[in-house]
Every structure is written in structure tokens, then in C-alpha cells.
Amino acid sequence: MSSILPSLSASPASSHLLSATLDTPSSSPSSGLLPGTPTTEGLITPPNSPQPKPHTITPMDNNMPEEKPTLFWGDIGYAGEDPQDFINSIELRFIGKANATDTDRIATLKLSLKTGSDAHAWFKGLDNTTRSTWAGLKAAFDLRWLERVIAAKTTEEKTSTLMAAELKSEDVGKKVTINRVEEWSHIAWADRVERLTGAILNSEGLLINQVCKKLLYAMHDLLGSHSSWTAFCQAVQDLPIERI
């Protein structure tokens, strides 16, 4: 009988398999895993395995405005607010956007009005016909907030500004920043003087001698005599920095 029945003793291979089975992590209150659930303990990610790609969000509509417009109040005397700059900013947002419609422009303007402001109350008071087209809405806006008329300076005022242009001795030989560009102070001064003279149409250079007195005396001999503002300002710009 004993020779017929297979031996019940475990072979080395079956013993190893049984041991691995018994070592499988079981569920416990702390792990929250069911029996037989595989775990990542002891697993090592190969060094050359690809890294997961970051998730990116694709914009739904590339034709939508990219920036949030500044809220418009429309109140009288509101500091730093220009109605025409505001309405222009709305139109600029849609330049080059072929798919933009009147509805897009009107909605953008409406959402750019500060709640409870004069501008918000104005929009709510418009009739449906005016609010149905961008041309009608913009015409109503321009009528409500007229473009500011800047008082033009007189020739006397422009001349006074020119005569007040002075290159101080302590600034000579130093660099100044104009429009985020660094340049020598005497070059910046000459640029400004030339612009001012263009505003008063004084091409004859009648005031050159008086303006020249605003410069250091040592610069006079280097400049010489000039009969036009263009020549005078160019001479100032060409002054060698090591000699002034």
C-alpha cells in the first residue's frame, strides 16, 4: 500500500512556493487591503523607465480674449480713468480675431463695467436696440463720455518750457535712463531740446544763444556757433565725454 500511494512529503520547490504564498501580505485594519491584494512594497522602478508625462490643459477656444479687461467706473472725477482709453482697449482686444462678433464685443464691455458704478447703471438703462449692435453701443458710449479736449499750449508756454530746459553741472558726465535705454545726460538733454524747438517751430534758431547758457561754460568753446537747432543739438550730442 505504501508503495502505491505518492509520497506526501514536500519537495524543495513546493516548499519554496508554499513559503512565498504564506508571505503574501494579508489584510489588516491599518492597511485597508483585501487578502491577496498586490502591493508595491519591495518593487524598484528601473532607472531607464519613462517618466510620466505632465497633464496639460488645452484651451477650449483660442479666439477668446487673453487678458481680463480693466473694470470701468465712469464716475465723474474717478482718478486715473479715461473713458476713451477704456473703449479703445475693448476694440483692441478683437483686432485680428476674424471670428469675433458683435455679441462678443458687447458682452466684453458689459462684463468690464464695475457693478454699482455709473457706467453699469448707464448700460442697464439703454434700450434693446442700442445694445443689440456694437456700432450702436459704441456710439452711445462716445455720446455719454465725450473725448477730453486737451488745452493746447501757447507759443509763449512752449518757449518757457524750452528756456527751463537745463543741464545741471552735477548731471554732466552721468548716464540717465530714457524709455529703458541708458544714455549720457547731455545726449538726452539735446534730444529733449530738439523736440521742444520743433513744437514752437523756431527753426531759425533765434533762442540758441540763450539756451546754450544753460550748459556748462566749458562746453561753450567745444560747441562753437550754430544757426539752426538741428546743428546745435547734433553738436551737443557729439561732445566727447572725456572733455566735458
Side-chain angles (χ1 to χ4, degrees), residues 56-166 176-183 188-203 207 211 229-230 233:
T56 57
I57 300 176
T58 303
M60 296 181 63
D61 186 358
N62 292 331
N63 290 327
M64 292 299 292
E66 295 83 1
E67 299 179 359
K68 179 182 177 181
T70 303
L71 295 180
F72 180 65
W73 292 69
D75 300 345
I76 298 176
Y78 188 78
E81 186 173 70
D82 190 309
Q84 289 303 315
D85 286 345
F86 166 74
I87 196 67
N88 289 341
S89 71
I90 298 295
E91 291 199 289
L92 281 172
R93 294 174 67 81
F94 294 97
I95 290 180
K97 298 183 183 295
N99 297 330
T101 64
D102 275 17
T103 302
D104 297 329
R105 294 178 174 85
I106 293 169
T108 301
L109 185 142
K110 178 182 178 181
L111 295 174
S112 302
L113 304 178
K114 177 64 178 177
T115 303
S117 65
D118 286 358
H120 186 254
W122 162 82
F123 186 87
K124 291 173 60 177
L126 295 174
D127 57 78
N128 292 332
T129 301
T130 302
R131 292 192 296 184
S132 62
T133 66
W134 175 248
L137 181 59
K138 185 178 183 304
F141 184 96
D142 292 338
L143 184 63
R144 171 63 179 80
W145 287 280
L146 299 175
E147 185 174 356
R148 297 175 181 175
V149 179
I150 301 176
K153 290 185 177 181
T154 64
T155 302
E156 289 75 14
E157 291 173 327
K158 294 176 181 178
T159 302
S160 297
T161 303
L162 172 62
M163 298 307 299
E166 180 181 3
V176 295
T177 301
I178 306 294
N179 294 330
R180 293 184 291 184
V181 177
E182 205 174 51
E183 57 185 353
W189 179 88
D191 286 338
R192 181 167 182 262
V193 166
E194 191 167 16
R195 289 196 302 271
L196 292 173
T197 57
I200 62 176
L201 303 177
N202 185 247
S203 58
L207 301 174
V211 172
W229 284 108
T230 301
C233 292

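Keep in mind it's a predicted model, so treat the numbers as computed, not measured.
- Between the Thr161 side chain and the Glu157 main chain, a donor and an acceptor come within less than 3.5 Å of each other.
- Across all non-hydrogen atoms, the minimal contact from Ile90 to Ser112 is CD1-OG, 3.9 Å.
- Rounding to the nearest 0.5 Å places OG1 of Thr101 at 8.0 Å from CD1 of Ile106.
- Each salt bridge (charged side-chain N to carboxylate O under 4.0 Å, His left out) pair with one or both residues in residues 125-143, not counting sequence neighbours, appears once here: Lys138-Asp142.
- Note: Phe86 CZ to Glu81 CD = 8.0 Å, rounded to the nearest 0.5 Å.
- Listed by chain and residue number, Gln237 satisfy the side-chain hydrogen bond (donor to acceptor under 3.5 Å, both in side chains) test with Asp191 (two or more places apart in sequence, or in another chain).
- Shown here for Gly74 and Arg144, the closest heavy-atom pair between the two residues is O-NH2, 4.3 Å.
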Item to complete: Quick one: do Ile95 and Glu91 satisfy side chain to side chain contact (heavy atoms under 4.5 Å, CB included)? Show the steps, please.
Response: CA-CA 7 Å; Ile95 290 180; Glu91 291 199 289; 5.7 Å; no
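- Across all non-hydrogen atoms, the minimal contact from Ala140 to Thr130 is CB-CG2, 3.7 Å.
- Counting heavy atoms of neighbouring residues, nucleotides and ligands inside a 6.0 Å radius, atom NZ of Lys158 exceeds 12 of them.
- Scored by the ring pair (Phe, Tyr, Trp, His ring centres under 6.0 Å) test, Trp145 finds Phe72, Trp122, Phe141 as partners (sequence neighbours excluded).
- Residue Ile178 comes nearest to Ala188 through the heavy atom pair CG1-CB, 4.1 Å, listed as atom of the first residue, atom of the second, then distance.
- Arg195 CZ to Leu162 CG: the interatomic distance, rounded to the nearest 0.5 Å, is 12.0 Å.
- Side chain of Asp102 to main chain of Trp134: a donor-acceptor pair is present (N/O by atom type, distance under 3.5 Å, no hydrogens or angles).
- Residue Arg93 comes nearest to Ser89 through the heavy atom pair CG-O, 3.0 Å, listed as atom of the first residue, atom of the second, then distance.
- Considering all non-hydrogen atoms of both residues, Leu109 and Ile87 come closest at CD1-CD1, 3.4 Å.
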Worksheet item: How far apart are the C-alpha atoms of Glu182 and Val176, what are their side-chain angles, what is the distance that settles it, and do they pass the side chain to side chain contact (heavy atoms under 4.5 Å, CB included) test?
Response: CA-CA 6 Å; Glu182 205 174 51; Val176 295; over 6 Å; no
